[in-house]
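These notes are about the structure you will find just below.
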Amino acid sequence: MNKILTGSLTALQLVCLAGAYLLDDLSHKKAGVNHHVVYKKQQYFQTILDADHLMIYRLLVAVILAALVFYLIRHGLQKYWKALLPLILITLAVGFALISPGMMDLPAYVYLLFLALVVWLLEWIKTFLRLHQFRKL
């Protein structure tokens, strides 16, 4: 059951990544899509993605990353590394998306960031499933 759930979550993550790529591609080709994503990006940068909020999000990602690394150091078992490494890498990718000016310049940045967060949250679920499975062994 655990493998089926993990596989389904991985498939959902891949669908989110494919959707992000497709949206980014369409935002460069279709005028209507471009206008919409640029308008939404402007709205979000004035509200929940302003400079103060971005700083809080960056700090939150840094604290989560530090907590994950601390957990790995404290529980240095090989199996925990296998369970947490994908989550750490995705956390680094989300953190990079929050600080990279190149990413912020993309028209579909808001949607790409949202889909990255969905992938990240799904990875948290998968990590908890893996850790639960390792503790049973």
Side-chain angles (χ1 to χ4, degrees):
M1 183 66 179
N2 204 5
K3 287 184 180 185
I4 292 171
L5 187 56
T6 303
S8 299
L9 291 174
T10 301
L12 187 57
Q13 286 176 312
L14 292 173
V15 167
C16 287
L17 292 175
Y21 173 77
L22 182 64
L23 182 64
D24 183 55
D25 189 46
L26 285 176
S27 70
H28 293 291
K29 293 181 180 178
K30 301 282 186 182
V33 174
N34 187 20
H35 288 85
H36 173 75
V37 296
V38 169
Y39 174 72
K40 285 296 187 181
K41 178 181 169 183
Q42 183 182 25
Q43 276 185 326
Y44 282 113
F45 270 111
Q46 291 173 352
T47 55
I48 62 172
L49 289 177
D50 63 354
D52 294 334
H53 285 98
L54 276 176
M55 183 57 68
I56 292 170
Y57 302 146
R58 291 171 185 155
L59 288 172
L60 185 61
V61 168
V63 167
I64 291 170
L65 190 58
L68 288 171
V69 170
F70 178 75
Y71 182 83
L72 278 176
I73 290 171
R74 189 160 183 246
H75 300 89
L77 300 174
Q78 174 110 14
K79 60 184 177 182
Y80 289 141
W81 279 95
K82 288 180 189 177
L84 289 173
L85 189 60
L87 180 62
I88 290 173
L89 293 175
I90 292 175
T91 304
L92 283 171
V94 170
F96 177 73
L98 284 170
I99 63 170
S100 172
M103 286 287 294
M104 289 181 185
D105 289 341
L106 292 174
Y109 173 72
V110 174
Y111 294 101
L112 297 176
L113 187 61
F114 173 72
L115 288 170
L117 289 174
V118 169
V119 168
W120 186 60
L121 290 173
L122 292 172
E123 191 61 39
W124 272 100
I125 295 169
K126 287 171 43 180
T127 300
F128 284 128
L129 289 172
R130 280 188 222 113
L131 289 175
H132 181 69
Q133 183 179 4
F134 286 147
R135 287 185 182 138
K136 281 186 173 181
L137 296 176

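Treat the numbers as computed from the prediction; the structure is a model and nothing was measured.
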Using residues 102-117 as the side-chain source, report each donor-acceptor pair under 3.5 Å to any protein atom, sequence neighbours left out, with the distance given to one decimal.
| residue | atom | partner | partner atom | Å |
| --- | --- | --- | --- | --- |
| Tyr109 | OH | Ala97 | O | 2.9 |
| Tyr111 | OH | His36 | NE2 | 3.0 |

Hey, quick one: are Ile48 and Val61 part of the same hydrophobic cluster, counting side-chain heavy atoms closer than 4.5 Å, chains of contacts allowed?
yes

In Å and rounded to the nearest 0.5 Å, what is the CG to OG1 distance from Leu9 to Thr127?
10.5 Å

With the 4.5 Å side-chain cut-off for hydrophobic clustering, are Leu65 and Tyr71 part of the same group?
yes

CZ of Arg130 to CD of Gln133, rounded to nearest 0.5 Å, is 9.5 Å

Hey, are the side chains of Val94 and Tyr57 touching, using non-hydrogen atoms and a 4.5 Å cut-off?
no

Decide whether Ile99 and Ile64 are clustered together by the hydrophobic rule: side chain heavy atoms of Ile, Leu, Val, Met, Phe, Trp, Tyr closer than 4.5 Å, transitively.
no

Shared hydrophobic cluster, Leu23 / Leu17 (ILVMFWY, side-chain heavy atoms < 4.5 Å):
no

Report the distance from atom CG of Leu122 to atom CH2 of Trp120, rounding to the nearest 0.5 Å.
12.0 Å

Using a 3.5 Å distance criterion without hydrogens, assess whether the side chain of His53 forms a donor-acceptor pair with backbone atoms of Leu49.
no

Answer yes or no: is there a donor N or O on one side and an acceptor on the other, between the side chain of Ser27 and the main chain of Asp24, under 3.5 Å?
yes

If two hydrophobic side chains count as joined below 4.5 Å and joins carry through other members, does Leu131 share a cluster with Leu129?
no

Within a 6.0 Å radius of atom CD1 on Ile4, are there more than 12 heavy atoms belonging to other residues, nucleotides or ligands?
no

Across all chains, not counting sequence neighbours, the salt bridge (charged side-chain N to carboxylate O under 4.0 Å, His left out) partners of Lys126 are Glu123

Does Asp50 reach the side chain of Tyr44, with side-chain heavy atoms less than 4.5 Å apart?
no

What distance separates Ile125 CD1 from Leu87 CG, expressed to the nearest 0.5 Å?
11.5 Å

Hey, does Trp124 have a side-chain heavy atom less than 4.5 Å from the side chain of Ile90?
no

Residue His35 excluded, over 12 heavy atoms near NE2 under 6.0 Å:
no

